[in-house]
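Both ligands and their constituent atoms are indexed starting at 1 by order of listing.
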Amino acid sequence: MDELKKYQKLVSIAHESLKEAYAPYSDFKVGAAVIMEDGKIYGGCNVENASFGASNCAERTAIFKGVSEGNRKIEAIAIVGSNGEKTFPCGICRQVINEFSKDAKIILTNSNKEIEVFTLEELLPHGFSKQDFLEE
Ligand code: THU
């Protein structure tokens, strides 16, 4: 599959996942879809909580699904927000992406279906990772 088709598929799964978002407090729904190194795709949505700090972003829901199935390397992740604008991953999600990839592609889209691709390095320069404190 060429890169653009792959990204469009991820965007479409992220849109599907957005429909499952549980966001009664912010009313801002987010969907994400991550493709891992073995080609498996996992969708995820934000899951909020009455104790706000217990909420989870869509990106982390998708990533944790993949990691809990044994995958350890993110190839790309698409993110879709319910406001129709491109939704950038929050800082915590950038850090979680960084844990499982140094060269992940981050795909954003808007209601015009324009796609913009960023590298993790662009969104999280000088990220902190296990190489910074564990011996190789
Ligand atoms: N949210 C995400 O799911 N991903 C992002 O990249 C940005 C924020 C969620 C968290 C919360 O449920 C709602 O959007 C408003 O912050």
Atom 14 (O) of ligand 1 touched by protein heavy atom at under 4.0 Å: yes
Side-chain (R72) to main-chain (F100) donor-acceptor, under 3.5 angstrom: no
Distance-only polar pair, side chains of S129 and Q131, donor-acceptor under 3.5 Å: yes
Heteroatom proximity flag, N56 to ligand 1, N/O under 3.5 Å: no
Check: A58 N/O within less than 3.5 Å of ligand 1 N/O: yes
Under 3.5 Å side-chain donor-acceptor pair for E48 and S26: yes
Polar contact flag for S26 and ligand 1 (N/O pairs, less than 3.5 Å): no
Under 4.0 Å to a heavy atom of C57 - the qualifying atoms of ligand 1, by number: 1 (N), 2 (C), 3 (O), 4 (N), 10 (C)
Atoms of ligand 1, numbered as shown, that sit under 4.0 Å from any heavy atom of P89: 6 (O)
Exam field: side chain S68 to backbone K65, donor-acceptor pair closer than 3.5 Å: yes
Part of F88 with heavy atoms under 4.0 Å of ligand 1, whether side chain, backbone, both or neither: backbone
Atom indices of ligand 1 within 4.0 angstrom of E48 heavy atoms, with elements: 11 (C), 12 (O), 13 (C)
Identity and distance of the protein heavy atom lying nearest atom 16 (O) of ligand 1: F28 CD2, 4.8 Å
Heavy atom of the protein closest to atom 6 (O) of ligand 1 (residue, atom name, distance): E59 OE2, 2.5 Å
Ring centres under 6.0 angstrom apart (F118, F88): yes
Side-chain (N46) to main-chain (V30) donor-acceptor, under 3.5 angstrom: yes
Nearest-contact summary for atom 9 (C) of ligand 1 - protein heavy atom, Å: N46 ND2, 3.6 Å
Verdict with supporting geometry, I77 and I107, side chain to side chain contact (heavy atoms under 4.5 Å, CB included): CA-CA 6 Å; I77 183 164; I107 299 128; over 6 Å; no
Donor-acceptor side-chain pairing of S51 and N49 below 3.5 angstrom: no
Enumerated ligand 1 atoms positioned under 4.0 Å from heavy atoms of C90: 6 (O)
